[in-house]
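Beneath this line is the structure, given in structure tokens, with notes to follow.
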Amino acid sequence: MSSTRIAPIQWLRALAATLVLLIHALESAKSGLITVTGEFAPSIPNLAVFGASGVDLFFVISGFVMAQSLSNADRNPWDFLAKRWLRIVPLFACLSVIYMMIMHDPLTRVSAFMSITVLPILDTDGYHAPALYPGWTLGFEFAFYMLVAIAMRAPRYRVEALLALTIAVAATGGFVHPSWAPARILLNPLQLEFALGVLVWLAWRKGIAERIAAPSLVIGIALLAVGLTFGMTDSLDVSVKAATAGISGYGRTWTWGIPWALVVLGVIDTAPRGRFERILSRVGDASYSTYLIHPSVIALLWMVRDHIPTKSVYVFSLAFIVASTMSGLAVHRWIEQPLLARLKRRRPVSIRRAPALA
């Protein structure tokens, strides 16, 4: 079964995108986009940063999906990487151009260059985020894809090989900090969250997930509640700088990665039953478009901030999430799908004569 047809994965993608929208809505409100009249749920200390865990959920989902892909038909690693690049980068570059045209901050050449390379190949000790700033996570995705490509060369037990590779690079990242930024992203404790997704896939494929679904879901939600209310580390830095430097990897995995992996394990065998699930699936289908277009929505809002009628952070956040989700659905329908269809027609079916990975 194709991973794209596993309905709960699409529901979880919709949830992950919504969480990212939430934290960026709150950050925008706090930075002065609206005149906030009150705090956002001050009695729940970590609720304001909970939206950052949408990234952790995305990483767990990606680990699951790539394990499913690896278990299917025999593939050429270079063909796989080319398909991933075509799936992710053209839309990212296109929406980066749109963002650059309307944003209110100046851009650096390095940031614009990363709209094509995704990985910060020009960076050393520092890190320049892409012009379209949510693209920092795509560097982690591509680093993980490289591990998937290497695992494809294993004669047997490819998913298990991927799991071992991912755990190894994440563990190495705990004490090795390369000076080249792409190497820091590869050797990064956050890679553990992809490994969690691979573990969930193994449990699902072996039929374990169905047997432990209920306790997994309950424990996952309980751990998320603990992380929200008390935090599971002394200080969890959810900034891009901390993530790309390898500072926050273990803390984020402990606080958000493991609970979300348990939630995925708990819902992965849930069958769709009605209209609400179909709507969630559509939102999940468009989650990548939503993830990339919402900074442009924020930039547009800054242009009209004097005319935003509400001062309530709750109303603003809800309106922003709805507007960004609708924008994402439109981009998915009118830009992403036609772009992918055209690229699929134009690229060769296979490049099996390409040299194998060493």
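Aromatic pair Tyr133/His128: ring centres not closer than 6.0 Å. Here the two rings, on Phe59 and Trp260, have centers that are 6.0 Å apart or farther.
Atom OG of Ser71 sits about 4.5 Å away from atom CZ of Arg205, to the nearest 0.5 Å. Taking CE from Met326 and CG from Leu329, the interatomic distance works out to 6.0 Å, rounded to the nearest 0.5 Å. Rounding to the nearest 0.5 Å places CG of Asn188 at 9.0 Å from OH of Tyr250. Rounding to the nearest 0.5 Å places CG of Leu33 at 12.0 Å from CD of Glu27. Between the OG atom in Ser248 and the CG atom in Asp56 there is a gap of 8.5 Å [rounded to 0.5 Å]. Taking OG from Ser281 and CZ from Arg13, the interatomic distance works out to 11.0 Å, rounded to the nearest 0.5 Å.
Below 30°, between 30° and 60°, or above 60°: for Phe320 and His294 the angle between ring planes is above 60°, a perpendicular geometry.
Tracing side-chain contacts under 4.5 Å through hydrophobic residues (I, L, V, M, F, W, Y), one reaches Val264 starting from Ile212; they form part of the same cluster. Hydrophobic cluster membership is shared by Leu224 and Val200, with clusters built from Ile, Leu, Val, Met, Phe, Trp and Tyr side chains linked at under 4.5 angstrom. If you chain together hydrophobic residues whose side chains sit under 4.5 Å apart, Trp85 and Leu186 fall into the same group. In the hydrophobic clustering of ILVMFWY residues, with side-chain heavy atoms under 4.5 Å counting as a link, Leu280 and Ile221 come out apart. Hydrophobic clustering (side-chain heavy atoms under 4.5 Å, transitive across Ile, Leu, Val, Met, Phe, Trp, Tyr) groups Ile167 together with Leu202.
Pairing each heavy atom of His332 with each of Asp285, the nearest pair is CE1-O, 3.4 Å. Residues Pro120 and Ala181 come closest through the heavy atom pair CG-CB, 3.7 Å. Across every non-hydrogen atom of Ala170 and Leu192, the tightest pair is CB-CG, 3.5 Å. The two residues Ile61 and Ile9 come nearest to each other via the heavy atoms CG2-CG2, 3.9 Å. Closest heavy-atom contact between Leu265 and Ala203: CD1-CB, 3.7 Å.
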What donor-acceptor contacts under 3.5 angstrom involve side-chain atoms of residues 134-144, with partners at least two apart or in another chain?
unit_1 : atom_1 : unit_2 : atom_2 : d
Thr137 : OG1    : Pro134 : O      : 3.1
Thr137 : OG1    : Tyr291 : OH     : 2.9
Glu141 : OE1    : Ser62  : OG     : 2.6
Glu141 : OE1    : Tyr145 : OH     : 3.2

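Partners of Val218 by side-chain contact (heavy atoms from CB on, under 4.5 Å), not counting sequence neighbours: none found.
With respect to Arg87 and Glu336, a salt bridge is recorded, a charged nitrogen being found less than 4.0 Å from a carboxylate O.
Each of Leu95, Val331, Ile88 was compared with Leu292 under the side chain to side chain contact (heavy atoms under 4.5 Å, CB included) criterion, and only Leu95 meets it.
Heavy-atom neighbours of Gln337 CD from other residues, nucleotides or ligands within 6.0 Å: above the threshold of 12.
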